[in-house]
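Please read the structure below before turning to the comments.
Because only heavy atoms are used, hydrogens play no part in the values below, and waters and symmetry mates are left out as well, while side chains stay in.
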Amino acid sequence: MTVSFPHAETVVDLGAVRHNVSLLAARAPGAAVMCVVKGDAYGHGAVPVSRAAVEAGASWLGTCSLQEALDLRAAGLSVRLFSWLDVPELDFTPGIEADIDLGVSSLSELARVDAAAQRAGKRARVHLKIDTGLARNGCPPAAWPELVEAAVKARGVEVVAIWSHLACADELGHASIDAQAKLFAEAYDAARAAGLDPIRHLANSAATLTRPDLHFDLVRPGIAMYGLNPVPTDDDLRPVMTFRSTVVLTKPLAAGESVSYGHTWTAQEDTTLALVPAGYADGVPRTLSGRMDVWLGGRRRPVVGRICMDQLVVNVGNEDVPDIGDEVVLFGAGRSGEPTAREWADKLGTIDYEIVTSMYRPRVRRRYVGEQA
């Protein structure tokens, strides 16, 4: 017999995805939109989110690995797909056969794509990446002319784009943004001079929202499509994910009694506790012990004592004591005052990307709302 009631769930609002993608597309009216759905759509579910993004106007989808792109193609998504980072042992042939665009950053990678294209019997659509200052993936500027020349000569390759990625676009006015844009322009001019006629894409979420001069032919919003704004601007982005659980037990606690492992919290007065069956195995960081609230009964209530693998304890006081089965929101959109993923991230010294991407857990059910008929 299957038990269908989860300890916790993430609720993914596909209506919010469509709203956010439409907003981002409107901010870049002269460019196509590639919605980045790597990492299982930042923990939101790649296939449903991708379908919602396409419904809202995205004509491209971006993944990190080729397998992520192949999974989207197998799910029936027919828009342009782009993948850009894989291990050297990967055979690109299935991706070329599935009409997936491939990122190329080096001569060795170009040679492997070219060989795979000849095996597939069709040309590979390639995006050459120039490293403009992030110093991760991408061709160093000194090696760029050689890569471009090799791409021009490669029989199995069609260069459809030049691209790069910004390091500090979320820091408005950072000097590196213009410096990277200058290197990108030089790389593009060199590609054109070599006889290529590629499109350009550089803008991530932050640049899509703040740097229209960098939109070029295609923008690549990632975190913003999930309603999390990487820049301090007042945009109507709607957070897509809510993380929720339920009350499974309430009990009185007398003044002087302590809670959870290590007895790190002791009641100063008589109170009531509510037990929530979600812990660090379900995505609630143990380091938030004594530092987080939940939304319960229409207001914030503090989590007390150490967060455990499977459960946490909330101090609810003696007024408005919740009932068994009442909803507990651990983070959400924040519109009613509930905690948000950004709040968690700020307390943990990280970014909200990490919070939502980490929410794909075996015991946490993912439920979709806002689906179109």
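For Asp197, the salt bridge (charged side-chain N to carboxylate O under 4.0 Å, His left out) test picks out Arg192, with sequence neighbours left out. With sequence neighbours left out, the side-chain hydrogen bond (donor to acceptor under 3.5 Å, both in side chains) criterion links Asn137 to Ser105. With sequence neighbours excluded, the residues that form a side-chain contact (heavy atoms from CB on, under 4.5 Å) with Arg238 are Ala16, His19, Asn20, Asp236, Arg335.
Residues Arg73 and Asp99 are in side-chain contact: their nearest non-hydrogen atoms beyond the backbone lie under 4.5 Å apart. Contact annotation: the side chain of Gln180 never approaches that of Leu183 to less than 4.5 Å [non-hydrogen atoms, C-beta and beyond]. Looking only at side-chain heavy atoms (C-beta outward), Pro322 and Val316 come within less than 4.5 Å of each other. Looking only at side-chain heavy atoms (C-beta outward), Ile130 and Glu186 stay at 4.5 Å or farther from each other. Counting heavy atoms from C-beta on, the side chains of Val160 and Ile199 never come closer than 4.5 Å. Looking at Leu66 and Leu102, their side chains come closer than 4.5 Å, going by heavy atoms from C-beta outward. Residues Leu72 and Glu68 fail the side-chain proximity criterion, which asks for heavy atoms closer than 4.5 Å. Proximity of Leu330 to Ser245: side-chain heavy atoms (C-beta onward) are separated by under 4.5 Å at one or more points.
In terms of hydrophobic clustering, with Ile, Leu, Val, Met, Phe, Trp and Tyr side chains grouped at heavy-atom distances under 4.5 Å, Leu61 and Leu24 are assigned to a common cluster. In the hydrophobic clustering of ILVMFWY residues, with side-chain heavy atoms under 4.5 Å counting as a link, Val329 and Leu312 come out apart. Placement of Met292 and Val328 within a single hydrophobic cluster is found when ILVMFWY residues are connected by side-chain heavy-atom separations under 4.5 Å, directly or transitively. Placement of Val364 and Ile355 within a single hydrophobic cluster is found when ILVMFWY residues are connected by side-chain heavy-atom separations under 4.5 Å, directly or transitively. Criterion: ILVMFWY side-chain heavy atoms under 4.5 Å apart, direct or through other members. Under it, Leu275 and Val303 are not part of a common hydrophobic cluster.
Note that CG of Leu81 is 8.5 Å distant from CG of Leu70, once rounded to the nearest 0.5 Å. Atom SG of residue Cys139 and atom CG of residue Asp131 lie 8.5 Å apart, to the nearest 0.5 angstrom. With rounding to the nearest 0.5 Å, the separation of CD1 in Ile307 from CZ in Arg286 is 9.0 Å. Atoms CD and CG, on Glu55 and Leu14 in that order, are 8.0 Å from each other to the nearest 0.5 Å. Atom CD of Glu257 and atom OG1 of Thr271 lie 11.0 Å apart (nearest 0.5 Å). Expressed to the nearest 0.5 Å, how far OG1 of Thr287 lies from CZ of Arg306 amounts to 12.5 Å.
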Report task. Could you give me the CA-CA distance, side-chain angles and deciding distance for Arg112 and Asp86, then say whether salt bridge (charged side-chain N to carboxylate O under 4.0 Å, His left out) is met? Result -> CA-CA 12 Å; Arg112 290 189 290 116; Asp86 270 294; over 6 Å; no

Query raised in the report: When you look at Ser289 and Thr264, which way does the side-chain contact (heavy atoms from CB on, under 4.5 Å) test go after all the steps?
Result: CA-CA 9 Å; Ser289 297; Thr264 58; over 6 Å; no

Query raised in the report: Does the salt bridge (charged side-chain N to carboxylate O under 4.0 Å, His left out) test come out yes or no for Asp293 and Arg299, once each step is laid out?
Result: CA-CA 10 Å; Asp293 300 326; Arg299 59 191 174 94; over 6 Å; no

Requested in this report: Check the pair Arg342, Asp352 against salt bridge (charged side-chain N to carboxylate O under 4.0 Å, His left out), reporting the backbone distance first and the verdict last.
Outcome: CA-CA 5 Å; Arg342 171 66 60 82; Asp352 45 16; 3.0 Å; yes

Query raised in the report: Does the pair Thr246 and Val276 meet the rule for a side-chain contact (heavy atoms from CB on, under 4.5 Å), with working shown?
Result: CA-CA 6 Å; Thr246 190; Val276 180; over 6 Å; no

Query raised in the report: Going through the distances and angles, do Val104 and Phe92 end up as a side-chain contact (heavy atoms from CB on, under 4.5 Å)?
Result: CA-CA 11 Å; Val104 167; Phe92 290 106; over 6 Å; no

**Report entry** Intermediate values then yes/no, side-chain contact (heavy atoms from CB on, under 4.5 Å), Trp265 and Ser260
**Finding:** CA-CA 8 Å; Trp265 184 85; Ser260 194; over 6 Å; no

Query - Derivation of the salt bridge (charged side-chain N to carboxylate O under 4.0 Å, His left out) call for Glu9 and Arg367 - result: CA-CA 7 Å; Glu9 67 176 5; Arg367 178 165 62 89; 2.8 Å; yes

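Between Glu343 and Lys347 there is a salt bridge, with a side-chain nitrogen of the basic residue lying less than 4.0 Å from a carboxylate oxygen of the acidic one. Between Arg301 and Asp320, no side-chain nitrogen of the basic residue sits less than 4.0 Å from a carboxylate oxygen of the acidic one, so the salt-bridge criterion is not met.
Other residues sharing a hydrophobic cluster with Leu134 under the 4.5 Å side-chain heavy-atom criterion for ILVMFWY residues do not exist; the residue is a singleton. In the hydrophobic clustering, where aliphatic and aromatic side chains (Ile, Leu, Val, Met, Phe, Trp, Tyr) are joined below 4.5 Å either directly or transitively, Met309 groups with Tyr280.
Heavy-atom neighbours of Tyr360 OH from other residues, nucleotides or ligands within 6.0 Å: at or below the threshold of 12. Within a 6.0 Å radius of NZ in Lys122, other residues, nucleotides and ligands contribute more than 12 heavy atoms.
Sequence neighbours left out, the pairs with a member in residues 36-87 that pass ring pair (Phe, Tyr, Trp, His ring centres under 6.0 Å) are Tyr42-Tyr226, His44-Tyr226, Trp60-His127, Phe82-Trp84, Phe82-His127, Phe82-Trp163, Phe82-His201, Trp84-Trp163.
No donor-acceptor pair under 3.5 Å is formed between the side chain of Arg244 and the backbone N or O of Glu327. For the pair Gln268 (side chain) and Thr266 (backbone), a donor-acceptor distance under 3.5 Å is present.
Taking the centre of each ring, Phe184 and Phe216 come in below the 6.0 Å mark.
With 3.5 Å as the limit, one finds a donor-acceptor pair spanning the side chains of Thr272 and Asn318. There is no side-chain donor-acceptor pair under 3.5 Å between His215 and Arg27.
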